[in-house]
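One structure below.
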Amino acid sequence: MKNVLITGGSRGIGAELVEAFAKQGYGVYFFYKSSDAKARELSERTGATGIKCDVSKEEDVKKSFEALNNG
């Protein structure tokens with residue numbers, strides 16, 4: 001299976017990309033900053049995995065990739 005990681009995936013264009021890739025059969029992971037409820041709903045609807053991450057903070061990004069690699 002192919003995987004894709006989308007940043008800003010809980011709203012707008014990012015959420016549309018999550019839905020489109022999920023429909024194509026990809027394993028979808030998406031980063032989101034603060035929209036917990038929207039991220040949870042999108043994950044439930046598409047099967048994608050939402051990861052809370054502020055991509056402007058290097059430490060957040062490192063921790064998120066560590067979680068992806070260990071999960």
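Keep in mind that what you see is a predicted model, and the values were worked out from it rather than measured.
Linking ILVMFWY residues whenever their side-chain heavy atoms come closer than 4.5 Å, directly or via other members, places I13 and F21 in the same cluster. Hydrophobic clustering places Y26 together with V18 (ILVMFWY residues linked when any side-chain heavy atoms are closer than 4.5 Å, directly or through intermediates).
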Could you list the donor-acceptor pairs under 3.5 angstrom formed between side-chain atoms of residues 1-10 and any protein atom two or more places apart in sequence or on another chain?
none

Please report, to 0.1 Å, the donor-acceptor pairs under 3.5 Å made by any side chain of residues 32-39, with sequence neighbours excluded.
residue, atom, partner, partner atom, Å
Y32, OH, D36, OD1, 3.3
D36, OD1, K52, NZ, 3.3
D36, OD2, K52, NZ, 3.3

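Here salt bridge (charged side-chain N to carboxylate O under 4.0 Å, His left out) pairs that include residues 17-29, with residues two or more places apart or in two chains, are E19-R45.
In this structure, K63 has no salt bridge (Lys or Arg N to Asp or Glu O under 4.0 Å) partners at least two apart in sequence or on a different chain. Residues that satisfy the side-chain hydrogen bond (donor to acceptor under 3.5 Å, both in side chains) test with R11, not counting sequence neighbours, are absent from this structure. In this structure, the side-chain contact (heavy atoms from CB on, under 4.5 Å) partners of V61, at least two apart in sequence or on a different chain, are C53, V55, F65.
You'll find the side chain of L42 reaches within 4.5 Å of the side chain of F30, heavy atoms only.
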Verdict with reasoning, T49 to V28, per side-chain contact (heavy atoms from CB on, under 4.5 Å): CA-CA 6 Å; T49 301; V28 181; over 6 Å; no
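Between K62 and E58, at least one side-chain N (NZ, or NE/NH1/NH2) sits under 4.0 Å from a carboxylate O, which counts as a salt bridge.
Minimum heavy-atom separation, D54 to S56: OD1-OG, 2.6 Å.
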